[in-house]
2 protein chains.
Amino acid sequence: MTSPAVSSRALPHPARDEIRLEGILHALSDPMRLQIVRELAAVSDELSCSHFDLPVTKSTTTHHFRVLRESGVIRQIYQGTAKMNGLRRDDLDDLFPGLLDTLLDAAARQVVRLGDRTGGVG
Amino acid sequence: MTSPAVSSRALPHPARDEIRLEGILHALSDPMRLQIVRELAAVSDELSCSHFDLPVTKSTTTHHFRVLRESGVIRQIYQGTAKMNGLRRDDLDDLFPGLLDTLLDAAARQVVRLGDRTGGVG
DNA sequence: GGCGTACTACGATGCCTATCGTACGAGTCG
DNA sequence: CGACTCGTACGATAGGCATCGTAGTACGCC
């Protein structure tokens, strides 16, 4: 009633205090998920799941996004049929200052060093 | 000879260029291994495996140290029957500047925040 | 040589997880 | 309504991994 414009399908997110460092590290230890986070950081905006062209099926993509959400790395919101994904920068920077930027920098350095194409940012 | 004093049993370590960020994150996503790294960083020296009083058997302890070594986080050297462990600060700081310190800081903050005893440093 | 300590190697076990395929629900557009 | 797109849920599968126990190796000491 009050806000019928967007879908009200709610997605469970961990509260800020429930975010654990081990969970973040585990989530980012997967190359696919690390790439997702790099792309999200590059646009500093929200992207739909379908924006990402990952070399896995949609089922697996859903799985990876859920891992990122449940670990507290990203926030997911439905907008119609699309599900928008954004980094939880505010929460992460508050809990672990500098962690996200350092991890992103480390990932970028590795891409440069290895000449890897996993970045996909550019 | 030049250095016959210590055992020559060699342990396989990844070269600096072989160290991967994903491997580091995976290694540190385990609470036990994160605690080991925190203790090593606290003493900024080398510690034997038996120094650590982990709530697992020696077999499991060996396993965790191997994961840390094979991911490039620590260096292991035999000294007689003991096996000394030290952080690969030089390599890590060169490959990923600030990463190790940021991760250690994040871990410390979490211990303070959660009132957790997993630190064991003090 | 004999003994004790420190660590390893190997096999087993149970859980977690990355992946897939298929069937389904939610929303948009004609 | 009907069709299409986006994403989910569920089951299956294969591989990884944290853990253990036991047997064994390397080293130092007496």
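Chain identifiers are assigned alphabetically (A, B, ...) following the order of the sequence lines, protein sequences preceding nucleic acid strands; residue numbering begins at 1 within each chain.
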Quick one: which protein N/O atoms are closer than 3.5 Å to N/O atoms of nucleotides 21-24 of chain D? Pair and distance per line, please.
{"unit_1": "dG21(D)", "atom_1": "N7", "unit_2": "S59(B)", "atom_2": "OG", "d": "3.3"}
{"unit_1": "dG21(D)", "atom_1": "O6", "unit_2": "S59(B)", "atom_2": "OG", "d": "2.8"}
{"unit_1": "dT22(D)", "atom_1": "O4", "unit_2": "S59(B)", "atom_2": "OG", "d": "3.2"}

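In this view, D90(B) and R75(B) satisfy the side chain to side chain donor-acceptor pair (under 3.5 Å) rule, not counting sequence neighbours. Residues meeting the side-chain contact (heavy atoms from CB on, under 4.5 Å) test with D30(A), sequence neighbours left out: M32(A), R33(A), H64(A).
Scanning all heavy atoms of the two residues, the minimum distance from I36(B) to L68(B) falls at CG2-CD1, 3.8 Å. Contact detail for P97(A) and T102(B): the closest heavy-atom pair is O-CG2, 4.2 Å.
Nucleotide dC6(D) holds its C1' atom 12 Å from the CE atom of M84(A), rounded to whole Å. Protein atom CD1 of I77(B) is 17 Å distant from nucleotide atom C1' of dA6(C), rounded to whole Å. Distance, Q76(B) CD to dA6(C) P: 16 Å, rounded to whole Å. When rounded to the nearest whole Å, the span between NE2 of H26(B) and C1' of dA18(D) equals 10 Å. Taking atom CG of L47(B) as the reference point, atom C1' of dC7(C) lies 16 Å away to the nearest angstrom. The distance from atom CG of L28(B) to atom P of dA18(D) is 12 Å, rounded to the nearest whole Å. In this structure, R33(A) atom CZ and dC16(C) atom C1' are separated by 12 Å, rounded to whole Å. Taking atom OH of residue Y78(A) and atom P of nucleotide dC6(D), one finds them 14 Å apart after rounding to whole Å.
Note on H63(B): every side-chain N or O is 4.0 Å or more away from OP1 and OP2 of dC7(C). For the OP1/OP2 pair of dG7(D) and a distance below 4.0 Å, the side-chain nitrogens and oxygens of R66(A) include no atom meeting the criterion.
For D30(B), the side-chain atoms get nearest to dA18(D) when compared with the rest of dT19(C), dA18(D), dC6(D). Residue S48(A) places its side chain closer to dG7(D) than to any other of dG7(D), dA26(C), dT5(C). The side chain of A82(A) sits closest to dC6(D) out of dC6(D), dC7(C), dA26(D).
Residues T60(B) and T57(B) have side chains that bring a donor and an acceptor to within less than 3.5 angstrom of each other.
No contact: H51(A) has no heavy atom under 4.0 Å from any strand. Looking at heavy-atom distances under 4.0 Å, S50(A) makes contact with sugar-phosphate atoms alone, never a base.
Contact check on R89(A) versus D101(A) returns a salt bridge, with a Lys/Arg side-chain nitrogen under 4.0 Å from an Asp/Glu carboxylate oxygen.
One distance of note links SG of C49(A) with CD of Q76(A); it measures 5.5 Å at 0.5 Å rounding.
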